[in-house]
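Okay, so here's the structure we're looking at.
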Amino acid sequence: IESFQDAVGDINLTFLNGKAELDPDNPTNETEMQRVRDEIMSIESSQNNVLSSLTVLGKASPEGGYAMNLDLAKRRMGFALSRITSQFSQYTRNRMKGKIKEEAIVAGWDEVADSLAADSMFAEAEAVRAIVAENEGKPDAQYAKIRQLPSYQLIKERCLPKLRSVKYQYTYQTMRSLSDKEILDKWNVHQDSVNKKIFFDRYEYWRLANIVKDTLQHPQLYKEYYEY
């Protein structure tokens, strides 16, 4: 049988200003990369697990031009993803083609307002919200006016760093054989089905011949096993 599992985590990365490159002077970057690589490779190298998808998602702060922020965030996530998957075999790359991807978003100034309010800076939060409302759907215009607020330096130092994040998410399949009890339970439900091959594989037929107590059923089970 197989079941699908999802995992999500954060990566603490520091990039060079304005570039899609990690800061080489920050040792935490390589430590974090190796931690995520080890986690994912432990799934991929397991006999019972198969990695199904992998996504790296980055969020940029709204400081600066929206288009520039989005483009930079995409390039940074592409760089991070290439580092994370650097140990993937060609077989894994081919098998997961189209299922390994990077995504990027730019945080909204409303999130900055929420952060200010969470720190009990309600007047500052309302000032940001007012600008957002007056310039709905225009992030560049919002930024131009918000940067003129008396509280902008505080926003830049306390709120914007919280909005910058990198997350990873992957899905994997866990595969194992059914236990004798599970096979027998399935038999009790489907033994009268016309086409039992829909519900049982060849190995399970062989196991049934050993665990079904009604010996009168054994010849038919062996027959179906050899005809499978």
Verdict with supporting geometry, Ile155 and Arg147, side-chain contact (heavy atoms from CB on, under 4.5 Å): CA-CA 9 Å; Ile155 289 172; Arg147 68 183 300 187; over 6 Å; no

Residues Asn26, Leu13; criterion side-chain contact (heavy atoms from CB on, under 4.5 Å); working and verdict: CA-CA 9 Å; Asn26 188 341; Leu13 299 177; over 6 Å; no

Audit row: Asp6, Tyr172, side-chain contact (heavy atoms from CB on, under 4.5 Å) steps and yes/no: CA-CA 7 Å; Asp6 291 314; Tyr172 63 97; over 6 Å; no

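Side chains of Lys101 and Leu54 form no contact here, defined as non-hydrogen atoms less than 4.5 Å apart. Side-chain contact between Leu57 and Met77 is absent, with no heavy atoms from C-beta onward closer than 4.5 Å. Looking only at side-chain heavy atoms (C-beta outward), Cys159 and Leu116 come within less than 4.5 Å of each other. By the 4.5 Å heavy-atom criterion applied to side chains, Val56 and Glu103 are not counted as neighbours. When side chains are defined from C-beta on, Arg164 counts as touching Pro161, because their heavy atoms get closer than 4.5 Å. Between Ser115 and Leu163, every side-chain heavy-atom pair lies at or beyond the 4.5 Å cut-off. For the pair Tyr143 and Pro62, the minimum side-chain heavy-atom distance is 4.5 Å or more.
For Asn48 and Thr174, the side-chain atoms include no donor-acceptor pair closer than 3.5 Å. Between Arg37 and Gln34, the side chains place a donor N or O and an acceptor N or O closer than 3.5 Å (distance only, hydrogens not considered).
Shortest non-hydrogen contact noted between Arg76 and Leu16 is NH2-O, 2.9 Å. Across all their heavy atoms, Ser61 and Asn69 have their closest contact at O-ND2, 3.3 Å. Of all the heavy atoms in Leu70 and Ala104, the pair that sits closest is CD1-O, 3.5 Å. Closest approach of Ser151 to Glu124, counting heavy atoms only: CB-CG, 3.7 Å. A pairwise comparison of heavy atoms in Ala60 and Ala73 identifies CB-CB, 4.1 Å as the closest pair. Residue Thr14 comes nearest to Asn29 through the heavy atom pair N-OD1, 2.7 Å, listed as atom of the first residue, atom of the second, then distance.
Side-chain N or O atoms of Glu111 include one that pairs as donor or acceptor with a backbone N or O of Gly108 at under 3.5 Å. Using modelled atom types, no side-chain atom of Asn12 and backbone atom of Thr28 make a donor-acceptor pair closer than 3.5 Å. Side-chain atoms of Ser46 never come within 3.5 Å of backbone atoms of Ile43 as a donor-acceptor pair (strictly under, hydrogens ignored). For Thr92 (side chain) and Phe88 (main-chain N/O), no donor-acceptor pair under 3.5 Å exists by modelled atom type. Without hydrogens or angle criteria, Asp140 side chain to Tyr66 main chain gives a donor-acceptor distance under 3.5 Å. Judged by distance alone, with hydrogens and angles left aside, the side-chain atoms of Asn94 form a donor-acceptor pair with the main-chain N or O of Gln90 at under 3.5 Å. Looking only at distances, no side-chain donor or acceptor of Gln169 sits under 3.5 Å from a matching main-chain atom of Val8.
Counting heavy-atom neighbours within 6.0 Å of Lys59 NZ, excluding the residue itself, gives a total above 12.
At a threshold of 4.5 Å between side-chain heavy atoms, the hydrophobic network of Ile, Leu, Val, Met, Phe, Trp and Tyr places Val128 and Phe122 in two separate groups. With hydrophobic clusters built from ILVMFWY side chains whose heavy atoms lie under 4.5 angstrom apart, Ile146 shares a cluster with Leu154. Note: the hydrophobic cluster containing Phe79 also contains Val36 (ILVMFWY, side chain heavy atoms under 4.5 Å, direct or indirect links). Clustering ILVMFWY residues whenever any of their side-chain heavy atoms sit less than 4.5 angstrom apart, transitively, puts Leu72 in a cluster other than the one holding Ile11. Follow the hydrophobic side-chain contacts under 4.5 Å out from Phe15 and you never reach Val106; the two are in separate clusters.
Between the CE atom in Met41 and the CD1 atom in Ile84 there is a gap of 12.5 Å [rounded to 0.5 Å]. Taken to the nearest 0.5 Å, the CE atom of Met96 stands 8.5 Å off from the OG1 atom of Thr171. Taking CD1 of Ile100 as the start and OG of Ser52 as the end, the distance is 11.0 Å to the nearest 0.5 Å. With rounding to the nearest 0.5 angstrom, the CG atom of Asp119 is 5.0 Å from the CZ atom of Arg158. Atom OG1 in Thr85 sits 4.5 Å away from atom CZ in Arg93 (nearest 0.5 Å).
A salt bridge is defined here as a Lys NZ or Arg NE, NH1 or NH2 lying under 4.0 Å from an Asp or Glu carboxylate O, and Arg95 with Glu44 meets this definition. A salt bridge links Glu63 with Lys156; the closest basic N to acidic carboxylate O contact falls under 4.0 Å. Using a cut-off of 4.0 Å between Lys/Arg side-chain N and Asp/Glu carboxylate O, Arg35 and Glu30 are scored as not salt-bridged. Electrostatic pairing of Arg129 and Asp114 counts as a salt bridge here, judged by a charged N lying under 4.0 Å from a carboxylate O.
Residues that satisfy the side-chain hydrogen bond (donor to acceptor under 3.5 Å, both in side chains) test with Lys97, not counting sequence neighbours, are absent from this structure.
Using cut-offs of 30° and 60° for the angle between ring planes, the Tyr152 and Trp109 rings count as tilted. Taking the six-membered ring where the residue is Trp, Tyr168 and Tyr170 present parallel rings, their angle staying beneath 30° rather than reaching 60°.
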